[in-house]
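Read the numbers this way: they start at 1 and go in the same order the structure lists the ligands and their atoms.
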Amino acid sequence: MNVYTELDVDGYERVVRCDNSAVGFTAWIAVHNTALGPALGGCRVWQYDSEEAALTDVLRLSKGMTYKNALAGLSLGGGKGVVNTDLSSVNRKTLFTEIGRFVEHLKGLYITAEDVNSTVIDMEIVKKQTEYVATVGASGNPSPFTALGVYNAILAAVKYKLGRDNLAGLTVAIQGVGETGGRLAERLYADGCNIVVADVNVRNIEVLRRKISFDLVSAEEIYDVECDIFAPCALGGILNNITIPRLKCSIIAGSANNQLHTEDDGYALRRRKILYVPDFAINAGGVINISCEIGQQYSSQKAREATANIGKTIKNIIELAEQQKLPTNIVANILAEEKFIKESLPKRKAV
Ligand code: NAD
(Lines give C-alpha, C1' and ligand atoms only; values in the text may rest on other atoms or scores of the structure.)
Protein backbone atom coordinates (compact mmCIF):
# COMPACT_ATOMS: atom_id res chain seq x y z
CA MET A 1 0.00 0.00 0.00
CA ASN A 2 1.21 3.50 -0.82
CA VAL A 3 1.77 5.71 2.21
CA TYR A 4 1.76 9.42 1.38
CA THR A 5 3.52 12.19 3.31
CA GLU A 6 3.12 15.86 2.45
CA LEU A 7 6.40 17.82 2.65
CA ASP A 8 6.54 21.56 3.21
CA VAL A 9 9.22 22.90 0.84
CA ASP A 10 9.75 26.62 0.44
CA GLY A 11 9.05 27.84 -3.10
CA TYR A 12 7.13 24.71 -4.15
CA GLU A 13 3.37 24.36 -4.35
CA ARG A 14 3.27 20.75 -3.31
CA VAL A 15 5.79 18.01 -2.61
CA VAL A 16 4.57 14.52 -1.74
CA ARG A 17 6.58 11.48 -0.70
CA CYS A 18 5.22 8.02 -1.40
CA ASP A 19 6.48 4.97 0.43
CA ASN A 20 5.63 1.42 -0.55
CA SER A 21 7.88 -1.04 1.23
CA ALA A 22 5.88 -4.06 0.07
CA VAL A 23 6.61 -3.28 -3.60
CA GLY A 24 10.06 -1.89 -2.78
CA PHE A 25 10.21 1.79 -3.69
CA THR A 26 9.97 5.32 -2.41
CA ALA A 27 8.90 8.12 -4.77
CA TRP A 28 8.40 11.85 -4.77
CA ILE A 29 6.25 14.14 -6.86
CA ALA A 30 7.24 17.81 -6.73
CA VAL A 31 4.90 20.42 -8.13
CA HIS A 32 6.91 23.59 -8.44
CA ASN A 33 4.43 25.99 -9.97
CA THR A 34 1.03 25.68 -11.64
CA ALA A 35 0.35 29.35 -12.42
CA LEU A 36 0.16 28.57 -16.14
CA GLY A 37 -1.56 25.19 -15.88
CA PRO A 38 -1.14 21.67 -14.46
CA ALA A 39 2.47 20.67 -13.81
CA LEU A 40 3.90 18.53 -16.61
CA GLY A 41 7.14 16.62 -16.18
CA GLY A 42 8.41 13.08 -16.63
CA CYS A 43 8.79 10.33 -14.05
CA ARG A 44 12.44 9.39 -13.57
CA VAL A 45 13.42 6.02 -12.10
CA TRP A 46 16.83 5.84 -10.44
CA GLN A 47 18.61 4.11 -7.61
CA TYR A 48 19.68 7.10 -5.55
CA ASP A 49 22.42 7.04 -2.91
CA SER A 50 20.09 8.58 -0.34
CA GLU A 51 16.62 9.99 0.24
CA GLU A 52 18.13 13.49 0.23
CA ALA A 53 19.64 12.91 -3.22
CA ALA A 54 16.25 11.83 -4.61
CA LEU A 55 14.49 14.81 -3.07
CA THR A 56 17.15 17.25 -4.34
CA ASP A 57 16.77 15.80 -7.83
CA VAL A 58 12.97 16.04 -7.93
CA LEU A 59 13.05 19.63 -6.66
CA ARG A 60 15.70 20.71 -9.19
CA LEU A 61 14.02 18.96 -12.10
CA SER A 62 10.48 20.19 -11.32
CA LYS A 63 11.67 23.80 -11.09
CA GLY A 64 13.46 23.37 -14.42
CA MET A 65 10.20 22.18 -15.97
CA THR A 66 8.40 25.35 -14.81
CA TYR A 67 10.99 27.45 -16.64
CA LYS A 68 11.00 25.27 -19.75
CA ASN A 69 7.21 25.07 -20.08
CA ALA A 70 6.73 28.78 -19.40
CA LEU A 71 9.35 29.92 -21.90
CA ALA A 72 7.92 27.58 -24.54
CA GLY A 73 4.61 29.40 -24.14
CA LEU A 74 2.75 26.32 -22.91
CA SER A 75 -0.30 26.45 -20.65
CA LEU A 76 1.48 24.10 -18.30
CA GLY A 77 3.31 24.40 -15.03
CA GLY A 78 6.38 22.51 -13.86
CA GLY A 79 6.53 19.27 -11.95
CA LYS A 80 8.48 16.03 -11.83
CA GLY A 81 8.33 12.57 -10.36
CA VAL A 82 11.27 10.49 -9.19
CA VAL A 83 11.16 6.89 -8.07
CA ASN A 84 13.96 5.54 -5.92
CA THR A 85 14.24 1.82 -6.52
CA ASP A 86 16.34 -0.99 -7.92
CA LEU A 87 14.54 -1.91 -11.13
CA SER A 88 16.16 -5.36 -11.14
CA SER A 89 14.47 -6.29 -7.88
CA VAL A 90 10.90 -4.99 -8.36
CA ASN A 91 7.99 -6.17 -10.46
CA ARG A 92 7.76 -3.48 -13.12
CA LYS A 93 4.03 -3.83 -13.67
CA THR A 94 3.29 -3.59 -9.94
CA LEU A 95 5.67 -0.64 -9.59
CA PHE A 96 4.05 1.43 -12.33
CA THR A 97 0.54 0.47 -11.15
CA GLU A 98 1.41 2.03 -7.78
CA ILE A 99 3.04 5.03 -9.48
CA GLY A 100 -0.23 5.48 -11.39
CA ARG A 101 -2.10 5.55 -8.06
CA PHE A 102 0.42 8.08 -6.73
CA VAL A 103 -0.15 10.36 -9.73
CA GLU A 104 -3.93 9.98 -9.28
CA HIS A 105 -3.51 10.98 -5.61
CA LEU A 106 -2.62 14.52 -6.82
CA LYS A 107 -5.89 14.68 -8.80
CA GLY A 108 -4.53 16.35 -11.91
CA LEU A 109 -2.19 18.88 -10.32
CA TYR A 110 0.65 16.86 -11.90
CA ILE A 111 0.74 15.17 -15.34
CA THR A 112 3.40 12.51 -15.76
CA ALA A 113 5.29 11.16 -18.79
CA GLU A 114 8.21 8.87 -19.50
CA ASP A 115 11.75 9.92 -18.54
CA VAL A 116 15.07 8.29 -17.70
CA ASN A 117 14.39 4.55 -17.09
CA SER A 118 10.64 4.83 -17.66
CA THR A 119 9.07 4.08 -21.02
CA VAL A 120 5.88 4.57 -22.98
CA ILE A 121 5.00 0.95 -22.07
CA ASP A 122 5.34 1.82 -18.37
CA MET A 123 3.12 4.84 -18.94
CA GLU A 124 0.45 2.56 -20.40
CA ILE A 125 0.39 0.76 -17.04
CA VAL A 126 0.19 4.14 -15.26
CA LYS A 127 -2.70 5.08 -17.55
CA LYS A 128 -4.82 2.24 -16.10
CA GLN A 129 -4.83 4.10 -12.76
CA THR A 130 -5.00 7.74 -13.82
CA GLU A 131 -5.88 9.92 -16.76
CA TYR A 132 -3.08 12.35 -15.83
CA VAL A 133 -0.40 10.87 -18.06
CA ALA A 134 0.94 12.10 -21.40
CA THR A 135 3.06 10.30 -24.05
CA VAL A 136 0.82 7.24 -24.17
CA GLY A 137 -1.12 8.47 -27.13
CA ALA A 138 -0.24 9.73 -30.56
CA SER A 139 2.69 12.05 -29.87
CA GLY A 140 5.15 9.15 -29.54
CA ASN A 141 8.90 9.60 -29.16
CA PRO A 142 9.67 13.26 -28.26
CA SER A 143 13.29 13.11 -29.53
CA PRO A 144 12.63 13.99 -33.21
CA PHE A 145 10.85 17.15 -32.02
CA THR A 146 13.64 18.01 -29.60
CA ALA A 147 16.15 17.64 -32.45
CA LEU A 148 13.94 19.75 -34.73
CA GLY A 149 13.79 22.50 -32.08
CA VAL A 150 17.58 22.47 -31.76
CA TYR A 151 17.90 22.75 -35.53
CA ASN A 152 15.52 25.73 -35.63
CA ALA A 153 17.44 27.39 -32.82
CA ILE A 154 20.73 26.86 -34.68
CA LEU A 155 19.27 28.59 -37.75
CA ALA A 156 18.29 31.59 -35.59
CA ALA A 157 21.66 31.72 -33.80
CA VAL A 158 23.63 31.46 -37.06
CA LYS A 159 21.57 34.23 -38.62
CA TYR A 160 22.33 36.51 -35.68
CA LYS A 161 25.94 35.62 -34.91
CA LEU A 162 27.28 34.80 -38.38
CA GLY A 163 24.83 36.81 -40.50
CA ARG A 164 23.98 33.77 -42.64
CA ASP A 165 20.65 32.40 -43.88
CA ASN A 166 21.93 28.87 -44.43
CA LEU A 167 24.29 26.43 -42.80
CA ALA A 168 26.22 25.14 -45.82
CA GLY A 169 29.93 24.78 -45.13
CA LEU A 170 29.70 25.38 -41.38
CA THR A 171 31.46 22.96 -39.04
CA VAL A 172 29.43 21.54 -36.16
CA ALA A 173 30.98 19.52 -33.33
CA ILE A 174 28.37 17.26 -31.75
CA GLN A 175 28.89 15.75 -28.31
CA GLY A 176 26.69 12.64 -28.19
CA VAL A 177 24.84 11.18 -31.15
CA GLY A 178 21.99 9.35 -29.45
CA GLU A 179 18.28 10.03 -29.85
CA THR A 180 18.64 13.78 -30.32
CA GLY A 181 22.28 14.35 -31.36
CA GLY A 182 22.10 11.68 -34.07
CA ARG A 183 18.99 13.20 -35.62
CA LEU A 184 20.52 16.67 -35.42
CA ALA A 185 23.67 15.41 -37.17
CA GLU A 186 21.56 14.03 -40.04
CA ARG A 187 19.71 17.33 -40.52
CA LEU A 188 22.88 19.43 -40.41
CA TYR A 189 24.66 17.09 -42.81
CA ALA A 190 21.74 17.39 -45.24
CA ASP A 191 22.21 21.18 -45.06
CA GLY A 192 25.86 20.85 -46.09
CA CYS A 193 27.56 21.11 -42.70
CA ASN A 194 30.84 19.41 -41.85
CA ILE A 195 30.12 17.21 -38.87
CA VAL A 196 32.56 16.26 -36.10
CA VAL A 197 31.34 13.72 -33.56
CA ALA A 198 32.32 12.38 -30.15
CA ASP A 199 30.42 9.63 -28.40
CA VAL A 200 31.30 7.02 -25.81
CA ASN A 201 28.83 4.53 -27.29
CA VAL A 202 30.39 2.79 -30.31
CA ARG A 203 27.03 1.44 -31.44
CA ASN A 204 25.54 4.92 -31.82
CA ILE A 205 28.59 6.00 -33.82
CA GLU A 206 28.19 3.00 -36.13
CA VAL A 207 24.47 3.66 -36.63
CA LEU A 208 25.23 7.25 -37.69
CA ARG A 209 28.16 6.10 -39.87
CA ARG A 210 25.68 4.15 -42.01
CA LYS A 211 23.74 7.37 -42.70
CA ILE A 212 26.24 10.25 -43.04
CA SER A 213 29.99 10.98 -43.16
CA PHE A 214 31.69 12.71 -40.26
CA ASP A 215 35.00 13.09 -38.46
CA LEU A 216 35.31 11.24 -35.19
CA VAL A 217 37.20 12.59 -32.17
CA SER A 218 37.52 11.30 -28.63
CA ALA A 219 35.14 12.35 -25.84
CA GLU A 220 37.89 14.57 -24.41
CA GLU A 221 38.97 16.12 -27.74
CA ILE A 222 35.50 17.44 -28.62
CA TYR A 223 36.09 20.57 -26.49
CA ASP A 224 39.14 21.52 -28.59
CA VAL A 225 37.57 21.15 -32.03
CA GLU A 226 37.77 24.28 -34.14
CA CYS A 227 34.19 24.75 -35.28
CA ASP A 228 31.38 27.24 -35.83
CA ILE A 229 28.90 25.47 -33.56
CA PHE A 230 29.44 23.21 -30.58
CA ALA A 231 26.32 21.10 -29.93
CA PRO A 232 26.26 19.40 -26.50
CA CYS A 233 23.74 16.55 -26.84
CA ALA A 234 24.79 14.24 -24.02
CA LEU A 235 25.53 15.34 -20.47
CA GLY A 236 24.84 18.18 -18.08
CA GLY A 237 27.47 20.42 -16.44
CA ILE A 238 29.89 20.24 -19.37
CA LEU A 239 30.28 24.03 -19.73
CA ASN A 240 32.51 24.88 -16.80
CA ASN A 241 35.74 26.66 -15.87
CA ILE A 242 37.84 23.83 -17.32
CA THR A 243 36.06 23.40 -20.67
CA ILE A 244 35.03 26.99 -21.48
CA PRO A 245 38.62 28.29 -21.99
CA ARG A 246 39.25 25.42 -24.43
CA LEU A 247 36.28 26.02 -26.73
CA LYS A 248 37.01 27.26 -30.27
CA CYS A 249 33.46 27.90 -31.47
CA SER A 250 31.20 30.91 -32.10
CA ILE A 251 27.94 29.32 -30.97
CA ILE A 252 26.92 26.67 -28.43
CA ALA A 253 23.58 25.08 -29.27
CA GLY A 254 22.60 21.55 -28.28
CA SER A 255 19.91 19.43 -26.68
CA ALA A 256 21.50 18.50 -23.35
CA ASN A 257 19.84 19.59 -20.11
CA ASN A 258 21.71 21.71 -17.53
CA GLN A 259 24.71 22.40 -19.79
CA LEU A 260 26.12 25.20 -17.63
CA HIS A 261 27.86 24.00 -14.47
CA THR A 262 26.74 27.24 -12.78
CA GLU A 263 24.79 30.28 -13.98
CA ASP A 264 28.10 32.22 -13.74
CA ASP A 265 29.46 30.14 -16.60
CA GLY A 266 27.03 32.04 -18.81
CA TYR A 267 28.99 35.21 -17.95
CA ALA A 268 32.26 33.44 -18.83
CA LEU A 269 30.87 32.50 -22.25
CA ARG A 270 29.67 36.04 -22.84
CA ARG A 271 33.14 37.37 -21.98
CA ARG A 272 34.59 34.95 -24.53
CA LYS A 273 32.04 36.27 -27.09
CA ILE A 274 30.62 32.78 -27.53
CA LEU A 275 26.87 32.83 -28.13
CA TYR A 276 25.27 30.33 -25.76
CA VAL A 277 21.76 29.21 -26.68
CA PRO A 278 20.11 28.41 -23.31
CA ASP A 279 19.38 24.71 -22.85
CA PHE A 280 15.83 24.87 -21.56
CA ALA A 281 14.87 27.19 -24.42
CA ILE A 282 16.48 25.16 -27.19
CA ASN A 283 15.43 21.67 -26.04
CA ALA A 284 11.71 22.33 -25.50
CA GLY A 285 10.62 20.60 -28.74
CA GLY A 286 9.90 17.31 -26.94
CA VAL A 287 7.69 18.86 -24.31
CA ILE A 288 5.97 21.03 -26.91
CA ASN A 289 5.13 17.84 -28.81
CA ILE A 290 3.79 16.15 -25.66
CA SER A 291 1.69 19.23 -24.83
CA CYS A 292 -0.07 18.79 -28.18
CA GLU A 293 -1.76 15.65 -26.90
CA ILE A 294 -2.97 17.10 -23.60
CA GLY A 295 -6.66 18.01 -23.75
CA GLN A 296 -6.75 18.08 -27.56
CA GLN A 297 -6.60 15.91 -30.66
CA TYR A 298 -2.90 15.38 -31.41
CA SER A 299 -1.60 16.74 -34.71
CA SER A 300 2.04 16.25 -35.67
CA GLN A 301 1.75 19.19 -38.07
CA LYS A 302 0.69 21.45 -35.20
CA ALA A 303 3.52 20.06 -33.05
CA ARG A 304 6.06 20.81 -35.81
CA GLU A 305 4.77 24.37 -36.23
CA ALA A 306 4.88 25.00 -32.49
CA THR A 307 8.42 23.59 -32.36
CA ALA A 308 9.48 25.94 -35.16
CA ASN A 309 8.60 28.83 -32.83
CA ILE A 310 11.68 27.92 -30.77
CA GLY A 311 13.65 29.82 -33.43
CA LYS A 312 11.68 32.99 -32.63
CA THR A 313 12.15 32.52 -28.89
CA ILE A 314 15.89 32.16 -29.37
CA LYS A 315 16.07 35.28 -31.56
CA ASN A 316 14.22 37.23 -28.87
CA ILE A 317 16.55 35.98 -26.12
CA ILE A 318 19.68 36.82 -28.13
CA GLU A 319 18.48 40.32 -29.02
CA LEU A 320 17.44 41.11 -25.44
CA ALA A 321 20.75 39.78 -24.12
CA GLU A 322 22.61 42.11 -26.47
CA GLN A 323 20.46 45.11 -25.53
CA GLN A 324 20.77 44.43 -21.79
CA LYS A 325 24.40 43.29 -22.00
CA LEU A 326 23.50 40.15 -20.08
CA PRO A 327 24.27 36.47 -20.66
CA THR A 328 21.59 34.63 -22.61
CA ASN A 329 20.94 32.16 -19.76
CA ILE A 330 20.06 35.03 -17.41
CA VAL A 331 17.74 36.58 -20.00
CA ALA A 332 16.01 33.23 -20.59
CA ASN A 333 15.43 32.87 -16.83
CA ILE A 334 13.95 36.37 -16.63
CA LEU A 335 11.64 35.80 -19.62
CA ALA A 336 10.35 32.53 -18.13
CA GLU A 337 9.87 34.08 -14.68
CA GLU A 338 7.96 36.99 -16.18
CA LYS A 339 5.43 34.50 -17.48
CA PHE A 340 4.82 32.29 -14.48
CA ILE A 341 5.44 34.81 -11.68
CA LYS A 342 3.05 37.33 -13.24
CA GLU A 343 0.40 34.62 -13.35
CA SER A 344 1.19 33.60 -9.76
CA LEU A 345 0.47 37.07 -8.38
CA PRO A 346 -3.02 37.60 -6.96
CA LYS A 347 -5.17 39.47 -9.47
CA ARG A 348 -5.94 43.00 -8.24
CA LYS A 349 -8.97 45.01 -9.18
CA ALA A 350 -8.26 48.17 -11.14
CA VAL A 351 -8.98 51.25 -9.02
P1 NAD B 1 20.66 9.53 -25.58
O2 NAD B 1 20.99 8.72 -24.38
O3 NAD B 1 19.83 8.92 -26.65
O4 NAD B 1 22.01 10.08 -26.27
C5 NAD B 1 23.06 10.59 -25.53
C6 NAD B 1 24.35 10.18 -26.23
O7 NAD B 1 25.43 10.81 -25.55
C8 NAD B 1 24.60 8.68 -26.19
O9 NAD B 1 24.93 8.22 -27.48
C10 NAD B 1 25.77 8.55 -25.22
O11 NAD B 1 26.62 7.47 -25.51
C12 NAD B 1 26.48 9.87 -25.45
N13 NAD B 1 27.40 10.25 -24.38
C14 NAD B 1 27.30 10.01 -23.06
N15 NAD B 1 28.37 10.49 -22.43
C16 NAD B 1 29.15 11.07 -23.36
C17 NAD B 1 30.40 11.74 -23.33
N18 NAD B 1 31.07 11.93 -22.19
N19 NAD B 1 30.91 12.22 -24.49
C20 NAD B 1 30.25 12.03 -25.65
N21 NAD B 1 29.09 11.38 -25.74
C22 NAD B 1 28.54 10.91 -24.61
O23 NAD B 1 19.97 10.86 -25.01
P24 NAD B 1 19.10 11.93 -25.78
O25 NAD B 1 17.67 11.57 -25.61
O26 NAD B 1 19.67 12.23 -27.11
O27 NAD B 1 19.34 13.18 -24.79
C28 NAD B 1 20.56 13.87 -24.82
C29 NAD B 1 20.46 15.07 -23.87
O30 NAD B 1 19.35 15.88 -24.25
C31 NAD B 1 20.22 14.70 -22.42
O32 NAD B 1 20.86 15.64 -21.60
C33 NAD B 1 18.71 14.83 -22.27
O34 NAD B 1 18.34 15.09 -20.93
C35 NAD B 1 18.47 16.04 -23.16
N36 NAD B 1 17.10 16.13 -23.65
C37 NAD B 1 16.58 15.14 -24.43
C38 NAD B 1 15.26 15.26 -24.88
C39 NAD B 1 14.65 14.21 -25.75
O40 NAD B 1 13.57 14.45 -26.31
N41 NAD B 1 15.27 13.05 -25.94
C42 NAD B 1 14.49 16.39 -24.54
C43 NAD B 1 15.06 17.40 -23.77
C44 NAD B 1 16.38 17.25 -23.32
Side-chain angles (χ1 to χ4, degrees), residues 40-46 57 60-62 64-65 67-69 71-72 74 78 80 82 113-120 123 134-135 139-154 172-188 195-209 211 214-225 230-240 242-243 246 252-261 277-293 303-304 306-307 310:
L40 173 68
C43 176
R44 178 166 295 195
V45 183
W46 200 256
D57 212 25
R60 178 181 68 85
L61 293 165
S62 61
M65 288 308 297
Y67 281 73
K68 185 184 293 201
N69 294 342
L71 193 63
L74 305 177
K80 200 83 183 180
V82 305
E114 89 248 34
D115 200 89
V116 176
N117 288 330
S118 64
T119 66
V120 172
M123 290 305 126
T135 69
S139 75
N141 182 357
S143 305
F145 290 86
T146 304
L148 176 63
V150 174
Y151 172 76
N152 285 320
I154 286 177
V172 188
I174 306 182
Q175 181 183 47
V177 286
E179 286 282 331
T180 55
R183 288 182 168 89
L184 178 67
E186 284 184 64
R187 269 185 187 275
L188 296 173
I195 308 290
V196 183
V197 162
D199 200 304
V200 292
N201 181 333
V202 178
R203 211 181 67 85
N204 284 351
I205 294 170
E206 283 168 2
V207 167
L208 190 62
R209 191 65 93 192
K211 297 175 180 167
F214 55 86
D215 290 332
L216 185 64
V217 297
S218 73
E220 200 40 48
E221 283 166 339
I222 195 77
Y223 300 108
D224 304 311
V225 172
F230 172 46
C233 299
L235 310 165
I238 56 102
L239 299 172
N240 53 49
I242 296 176
T243 59
R246 290 167 59 181
I252 300 172
S255 64
N257 275 315
N258 305 315
Q259 292 171 31
L260 297 171
H261 184 58
V277 181
D279 46 15
F280 70 87
I282 191 173
N283 71 17
V287 81
I288 289 172
N289 181 50
I290 293 169
S291 76
C292 290
E293 75 168 73
R304 266 194 297 277
T307 302
I310 288 177

Quiz item: Closest non-hydrogen protein atom to atom 18 (N) of ligand 1, residue and atom name please, with distance?
Solution: Leu235 CD1, 3.4 Å

Quiz item: To which protein heavy atom is atom 35 (C) of ligand 1 closest, and what is the distance rounded to 0.1 Å?
Solution: Ser255 O, 3.4 Å

Quiz prompt | Minimum heavy-atom distance between Ser143 and Arg183, given as atom pair plus value | solution = CB-NH1, 3.7 Å

Quiz prompt | Check: Arg209 and Phe214 side chains under 4.5 Å, non-hydrogen atoms | solution = yes

Exercise. Indicate the atoms forming the closest heavy-atom contact of Leu235 with Ala256, along with that distance.
Key: O-CB, 3.5 Å

Quiz item: Can you list the atoms of ligand 1 that are under 4.0 Å from a heavy atom of Ala256?
Solution: 29 (C), 30 (O), 32 (O), 35 (C)

Exercise. Have a look at Val200, Val150, Val197, Asn289 and point out the one with the heavy atom closest to atom 17 (C) of ligand 1.
Key: Val200

Quiz item: Can an N or O of Asn257 be found at a distance shorter than 3.5 Å from an N or O of ligand 1?
Solution: yes

Self-check item: Backbone of Gly254 reached by a side-chain donor or acceptor of Gln259 within 3.5 Å
Solution: yes

Quiz item: Do Arg187's NZ or CZ and the ring of Tyr151 fall within the cation-pi criteria of under 6.0 Å and 45°?
Solution: yes

Quiz item: For ligand 1, which atoms have a heavy atom of Ala198 less than 4.0 angstrom away?
Solution: 20 (C), 21 (N)

Quiz item: Which ligand 1 atoms, with their elements, are less than 4.0 angstrom from a heavy-atom of Ser143?
Solution: 39 (C), 40 (O), 41 (N)

Exercise. Return the residue, atom name and 0.1 Å-rounded distance of the protein heavy atom closest to atom 32 (O) of ligand 1.
Key: Ala234 O, 3.0 Å

Quiz prompt | Validation row: Glu114, Pro142 side chains within 4.5 angstrom (heavy atoms) | solution = yes

Self-check item: Val225 vs Phe230 side-chain heavy atoms within contact, under 4.5 Å
Solution: no

Quiz item: Nearest protein heavy atom to atom 25 (O) of ligand 1, by residue and atom, and its distance?
Solution: Glu179 CB, 3.5 Å

Quiz prompt | Sub-4.5 Å side-chain heavy-atom contact between Lys68 and Asn283 | solution = yes

Self-check item: Nearest non-hydrogen protein atom, atom 40 (O) of ligand 1
Solution: Thr146 OG1, 2.7 Å

Quiz item: Going by the atom numbers of ligand 1, which of them fall below 4.0 Å from some non-hydrogen atom of Thr180?
Solution: 24 (P), 26 (O), 27 (O), 28 (C), 39 (C), 41 (N)

Quiz item: For atom 8 (C) of ligand 1, which candidate among Asn201, Ile174, Asp199 provides the closest heavy atom?
Solution: Asp199

Practice problem: Looking only at protein heavy atoms, identify the closest one to atom 19 (N) of ligand 1 and say how far it is in Å. | Solution: Ala219 CB, 3.8 Å

Exercise. Taking all non-hydrogen atoms of both residues into account, name the closest pair between Asn117 and Val45 and its distance.
Key: ND2-O, 2.9 Å

Exercise. Determine whether any heavy atom of Gly176 lies closer than 4.0 Å to an atom of ligand 1.
Key: yes

Practice problem: List the closest protein heavy-atom neighbour of atom 43 (C) of ligand 1: residue, atom name, distance to the nearest 0.1 Å. | Solution: Asn283 O, 3.6 Å

Quiz item: Does any donor atom in the side chain of Ser118 or Asp115 lie under 3.5 Å from an acceptor atom in the other side chain?
Solution: no

Quiz item: Please state which protein non-hydrogen atom is closest to atom 4 (O) of ligand 1 and give its distance, to 0.1 Å?
Solution: Gly178 CA, 3.3 Å

